[in-house]
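Starting from 1, each residue takes its place in the sequence as its number. None of these values were measured; they are calculated from a predicted model. Read the numbers this way: they start at 1 and go in the same order the structure lists the ligands and their atoms.
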Amino acid sequence: MAQEKGGNLSEVQARIGASHNINDLDRKLQFYGRWAPDYDQDVAALQYRAPRLAVDCLTQALPGPPHDALILDVACGTGLVAAELQARGFLQLHGVDGSPEMLEQAQACGLYQHLSLCILGQEPLPSPEGGLVCLTTRTNPSNLQYKEALEATLDKLEQAGAWKRLVAQTVDHWELATSPLEVAPGAKDGFISGIIYLYQKQRSP
Ligand SMILES: C[S@@+](CC[C@H](N)C(=O)[O-])C[C@H]1O[C@@H](n2cnc3c(N)ncnc32)[C@H](O)[C@@H]1O
């Protein structure tokens, strides 16, 4: 991906669509690593709305002012969620991602106070206790296996008392589908849906 220039919508759809059936986590993270330099321009072509939707959700769920909240952006990618958070007054931002190349992009955006390499499900999160954890994923058909694996990991963290779920909200208009087969029945505009998870990190006993 890095050697290719970001292209028009159909080129981007073909490139990203080809990755959708990767379910092996190592291969998925390698794909994200290759994609990192072109990620922002490619998702812009797909009218990617997840960061804004996630921060809408976070703002609604948060009891206090944004500047008091420590947000851990899990699977932060290049930092698009951080840009949206900062624009809404969130100032304490930590990020983790399983791809070193994505973390390089996130570092370059200069919005996180702390960034760490961390593979969710394989390693504990390195953030301080007591923060809000935000993560998102697509709910189109080819991502369902990944989503189920992610949810199993989240459930284990909750059962172990590490995190408490605040919100799991499905939203429409996540991004343009990469193929008509990915569009949910009844959706007329070619967009797929996604899901936003918010957790409160719990203090250790
Ligand atoms: C679709 S991107 C989303 C990035 C960012 N949240 C955004 O909205 O632009 C998914 C990100 O999740 C990371 N990722 C996928 N599986 C992961 C895992 N198990 N642990 C940590 N990061 C993971 C990838 O490296 C990639 O940066």
Side-chain angles (χ1 to χ4, degrees), residues 1-2 6 12-13 15-20 22-58 71-87 90 93-109 111-112 115-127 132-140 142-157 163 171 173-178 182 192-199:
M1 195 73 56
V12 170
Q13 284 172 314
R15 243 184 282 158
I16 298 172
S19 77
H20 277 177
I22 304 175
N23 288 310
D24 175 75
L25 182 56
D26 287 344
R27 286 189 54 224
K28 193 133 192 136
L29 291 173
Q30 285 165 14
F31 166 78
Y32 278 116
R34 291 192 300 277
W35 190 15
D38 292 336
Y39 177 87
D40 287 4
Q41 63 192 15
D42 283 0
V43 298
L46 283 183
Q47 299 181 41
Y48 183 60
R49 300 178 68 243
R52 178 178 301 184
L53 295 170
V55 179
D56 284 347
C57 179
L58 192 51
I71 309 296
L72 176 63
D73 181 7
V74 173
C76 62
T78 59
L80 294 180
V81 173
E84 194 69 37
L85 283 166
Q86 197 208 34
F90 291 88
L93 309 180
H94 292 194
V96 297
D97 200 279
S99 157
E101 296 86 353
M102 281 288 185
L103 284 173
E104 271 177 37
Q105 302 289 324
Q107 185 71 45
C109 86
L111 299 176
Y112 295 96
L115 282 166
S116 314
L117 184 66
C118 174
I119 300 181
L120 186 65
Q122 296 183 2
E123 303 164 79
L125 289 169
S127 77
L132 286 176
V133 179
C134 177
L135 66 162
T136 65
T137 197
R138 291 175 283 109
T139 53
N140 54 312
S142 65
N143 199 47
L144 289 184
Q145 191 173 333
Y146 178 80
K147 173 181 170 277
E148 280 168 22
L150 175 66
E151 287 188 344
T153 301
L154 300 179
D155 288 349
K156 273 191 205 154
L157 285 162
W163 295 7
V171 283
H173 294 93
W174 195 257
E175 67 186 16
L176 286 173
T178 55
E182 299 284 358
I192 61 167
S193 56
I195 185 162
I196 299 155
Y197 305 96
L198 298 181
Y199 285 83

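Residues with a heavy atom under 4.0 Å from ligand 1: Leu25, Leu29, Tyr32, Tyr39, Tyr48, Pro51, Ala75, Cys76, Gly77, Leu80, Val81, Asp97, Gly98, Ser99, Met102, Cys118, Ile119, Leu120, Tyr146.
We find the OH-CG distance between Tyr199 and Leu157 to be 8.0 Å, quoted to the nearest 0.5 Å.
Phe31 and Trp35 have tilted rings, their planes meeting at an angle from 30° to 60° on a 0 to 90° scale.
Note on residues 75-84: pairs passing salt bridge (charged side-chain N to carboxylate O under 4.0 Å, His left out), not counting sequence neighbours, are Glu84-Arg88.
For the pair Thr137/Ile195, a side-chain contact is recorded, criterion being any heavy-atom separation below 4.5 Å from C-beta on. Residues Leu154 and Leu135 form a side-chain contact, since some pair of their non-hydrogen atoms from C-beta on lies under 4.5 Å apart.
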Show your reasoning for whether side chain to side chain donor-acceptor pair (under 3.5 Å) applies to Tyr32 and Asp97. CA-CA 10 Å; Tyr32 278 116; Asp97 200 279; over 6 Å; no
